[in-house]
Amino acid sequence: MIIVLKPNVTDDQVNHVVQRVESLGLTAHLSRGTFRSVIGVIGDESKIAAAPLEAIPCVAKVVPILPAYKLASIEAHAQPSVVEVGNAKIGGEHVALIAGPCAVESAEQMDTIAAAIRAAGATILRGGAFKPRTSPYSFQGLGEDGLKILRETGDRYDMPIVTEVMDPGCVELIEQYTDMFQIGARNMQNFVLLSEVGKTNKPVLLKRGMSATIKDLLMSAEYILSGGNPNVVLCERGVRSFDTETRNLYDVAAIPAIKAKSHLPVIVDPSHATGRPDLIPPCALAGAAAGADGIHIEVHHCPEEAMSDGPQALLPEQYHELAKQVKSIVELLGRKVG
Ligand code: PEP
Ligand code: MN
């Protein structure tokens, strides 16, 4: 860590900062310039990170050398991590195709959609049983009945399943059914929930919050990793913007930007990012081309009857066509689906 001092500091002021650093059990190396001085700090960075040194009047800024998301950082793990979800893999050379309806509505609905996406080559089945809805009057999900349907459908088609958990009190229940937890955009900074899934060993799909920076996302991942669960997959699903043309603003640059900082797999969700079936295929392909480790798409056989997110659902035949195109791009880049 480097402490940059303000211009024209006195010797007394410099000595005060040096003494503060040494009182924390760290070593201070002063470098006195004509206009500016800096102090290099050697030792356990966590001790100094907790000290509010920027509150000392002569300190201009404190610059950490290592990121605060230690376990999620590329420094912690130079090779890309591969997360296993049942018989599917996400990361490294493996690109996952995650698909399914927004919400689990019935056994028949899940069977129809699972059969279609499985035939198209999807590797993981999704479906919400506990839905985070903007309105309390909207369909909230089937709860445990939905988890049972999702589990049975996944088993019938030999596909691992992913479903959202919103409440720390539901982690234990959902863990009994699912292969992967999803933490949605609205809960990305629900730190109690992050800590709770961090105590399990189940993979976690962590979606980027609507106004979260990449650093915020990585800090949230750190909560899960520091709890002892190494199986975290990040998801770019669009952020809020001033433009109402699309549901959110799809940040495709986030994929390589996160990969430059972290070893964790990164997938994309063009369904929630754009909210428009006409934009989902091109944005999914852009995600695959940008190096995404998975493509997450909502599919429904009858969008006009869907109980949530119908207007953004792809039809099974549209998904089939898209999955083929994604596979071509993935293979072009020397990777494989599955
Ligand atoms: C979802 O996947 O259905 C969902 C609610 O996603 P998000 O949290 O990204 O809005
Ligand atoms: Mn949805």
Side-chain angles (χ1 to χ4, degrees), residues 85 90 96-105 109-110 113 117 122 124-136 138-143 146-147 150 161-167 170 174 178-190 193-194 197 203-212 214 216-217 220-221 232-241 246-252 254-255 258 266-277 279-280 283-284 287 292 294-315 319:
V85 184
I90 311 177
L97 295 186
I98 304 171
C102 182
V104 177
E105 297 163 11
Q109 169 240 19
M110 285 308 299
I113 296 170
I117 60 162
I124 300 176
L125 176 65
R126 67 147 280 146
F130 295 91
K131 294 300 306 171
R133 303 306 299 276
T134 302
S135 165
S138 300
F139 174 61
Q140 304 286 312
L142 294 182
L147 296 175
L150 183 63
I161 58 171
V162 56
T163 197
E164 179 158 357
V165 57
M166 296 194 293
D167 176 351
C170 283
I174 297 176
T178 199
D179 297 302
M180 183 182 219
F181 292 112
Q182 173 173 319
I183 294 197
R186 292 156 191 80
N187 273 307
M188 189 205 82
Q189 286 187 319
N190 180 339
L193 181 61
L194 297 172
V197 297
V204 181
L205 177 57
L206 178 62
K207 294 185 118 188
R208 181 179 184 180
M210 294 188 200
S211 56
I214 287 172
D216 293 336
L217 176 62
S220 289
V232 179
V233 175
L234 306 173
C235 180
E236 160 55 35
R237 47 79 72 206
V239 288
R240 275 271 160 92
S241 112
T246 55
R247 183 173 174 177
N248 289 293
L249 186 67
Y250 181 43
D251 182 7
V252 80
I255 308 156
I258 295 171
V266 185
I267 73 159
V268 287
D269 171 357
S271 298
H272 292 90
T274 67
R276 281 176 46 180
L279 303 184
I280 294 167
C283 290
I295 312 288
H296 174 285
I297 307 269
E298 286 186 349
V299 178
H300 202 288
H301 61 292
C302 188
E304 67 179 56
E305 285 178 10
M307 295 172 88
S308 83
D309 281 351
Q312 71 185 31
L314 286 195
L315 289 164
Y319 182 71

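None of these values were measured; they are calculated from a predicted model. Read the numbers this way: they start at 1 and go in the same order the structure lists the ligands and their atoms.
- An N or O contact shorter than 3.5 Å links Lys131 to ligand 1 by distance.
- A 6.0 Å sphere centred on CZ of Arg240 holds no more than 12 heavy atoms belonging to other residues, nucleotides or ligands.
- Remark: the His300 side chain and the Asp309 side chain contain no N/O donor-acceptor pair separated by less than 3.5 Å.
- Counting heavy atoms only, Lys207 comes closest to atom 6 (O) of ligand 1 of the residues Gln312, Arg247, Lys207, Arg186.
- Here the straight-line distance linking atom CD of Gln312 with atom OG1 of Thr246 works out to 11.5 Å at 0.5 Å rounding.
- The residues Arg126 and Glu164 are annotated as not salt-bridged, no charged nitrogen and carboxylate oxygen being separated by less than 4.0 angstrom.
- Close contacts between ligand 1 and Gly184 involve ligand atoms 8 (O) [criterion: under 4.0 Å to a heavy atom].
- In terms of protein heavy-atom proximity, atom 2 (O) of ligand 1 is closest to Arg126 NH1, 2.6 Å.
- The protein heavy-atom contact nearest to atom 4 (C) of ligand 1 is His272 NE2, 3.4 Å.
- Sorting the N, O or S atoms of Glu298 by how far they are from the Mn ion (ligand 2) puts OE2 first.
- Judged purely by atom type and a 3.5 angstrom limit, Gln189 has no side-chain atom pairing as donor or acceptor with the backbone of Asn187.
- No other N/O/S atom of Asp309 lies as close to the Mn ion (ligand 2) as OD2 does.
- The single protein non-hydrogen atom nearest to atom 9 (O) of ligand 1 is Arg237 NE, 2.7 Å, given as residue, atom name and distance.
- Of the polar atoms of Asp269, none of the N or O atoms is found under 3.5 Å from an N or O of ligand 1, judged by distance alone.
- Within the 4.5 Å cutoff, side-chain heavy atoms of Met110 are placed close to those of Leu150.
- Heavy atoms of Arg208 come nearer than 4.0 angstrom to ligand 1 in no pair at all.
- Judged by distance alone, with hydrogens and angles left aside, the side-chain atoms of Ser220 form a donor-acceptor pair with the main-chain N or O of Met188 at under 3.5 Å.
- Ligand 1 has a nitrogen or oxygen under 3.5 angstrom from a nitrogen or oxygen of Ala185.
- Gln182 has its side chain out of reach of Ile98: every pair of non-hydrogen atoms, C-beta onward, lies at least 4.5 Å apart.
- Short contacts between ligand 1 and Cys102, defined as distances under 4.0 Å to a heavy atom of the residue, involve ligand atoms 3 (O).
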